[in-house]
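Worksheet for the structure shown next.
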Amino acid sequence: MKLNENGIITNIGNTPMQSLCSEAYWYMLRKFNRHAIFLHVPSVKYITEDFIEKVRTVL
């Protein structure tokens, strides 16, 4: 996966947890007939210049 190749750790989960993010994702999956992706971006305090550069490389 291009994200992992550029140092951004990714994880594909199979078990939804009880949280607002999970609820939003499952709602979008239903709304768009399972054609949705959810990217969880870390909070601002964990975003570094290095992280931003890695994201730019991937995009």
Side-chain angles (χ1 to χ4, degrees):
M1 178 179 277
K2 194 169 182 180
L3 292 169
N4 287 328
E5 292 169 5
N6 286 284
I8 299 174
I9 299 169
T10 61
N11 170 350
I12 297 176
N14 294 320
T15 309
M17 305 307 244
Q18 293 181 347
S19 70
L20 179 60
C21 293
S22 293
E23 182 64 30
Y25 178 53
W26 290 107
Y27 171 79
M28 295 307 286
L29 285 173
R30 285 189 304 270
K31 182 175 181 171
F32 293 109
N33 197 27
R34 297 184 179 231
H35 296 283
I37 188 168
F38 185 81
L39 300 175
H40 185 90
V41 177
S43 64
V44 173
K45 69 180 181 180
Y46 296 110
I47 295 178
T48 64
E49 287 297 321
D50 183 52
F51 176 81
I52 292 170
E53 284 305 313
K54 289 176 182 178
V55 171
R56 284 185 180 143
T57 299
V58 172
L59 298 176

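Computed over heavy atoms, backbone and side chain alike; hydrogens, waters and symmetry mates excluded. Just so we're clear, the structure is a prediction, and the values are computed from it rather than from any experiment.
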Would [X] end up clustered with [Y] when hydrophobic side chains under 4.5 Å apart are linked, directly or stepwise?
X: I37; Y: Y27; result: no
X: I8; Y: I52; result: yes
X: L3; Y: L59; result: yes

Those residues at least two apart in sequence (or on a different chain) that pass salt bridge (charged side-chain N to carboxylate O under 4.0 Å, His left out) with R56 are E53
Can you tell me if F51 has over 12 outside heavy atoms packed within less than 6.0 Å of its CZ?
yes
What closest approach, in Å, do G7 and K54 show between heavy atoms, and which atom pair accounts for it?
O-NZ, 3.5 Å
Does any donor atom in the side chain of N6 or T57 lie under 3.5 Å from an acceptor atom in the other side chain?
no
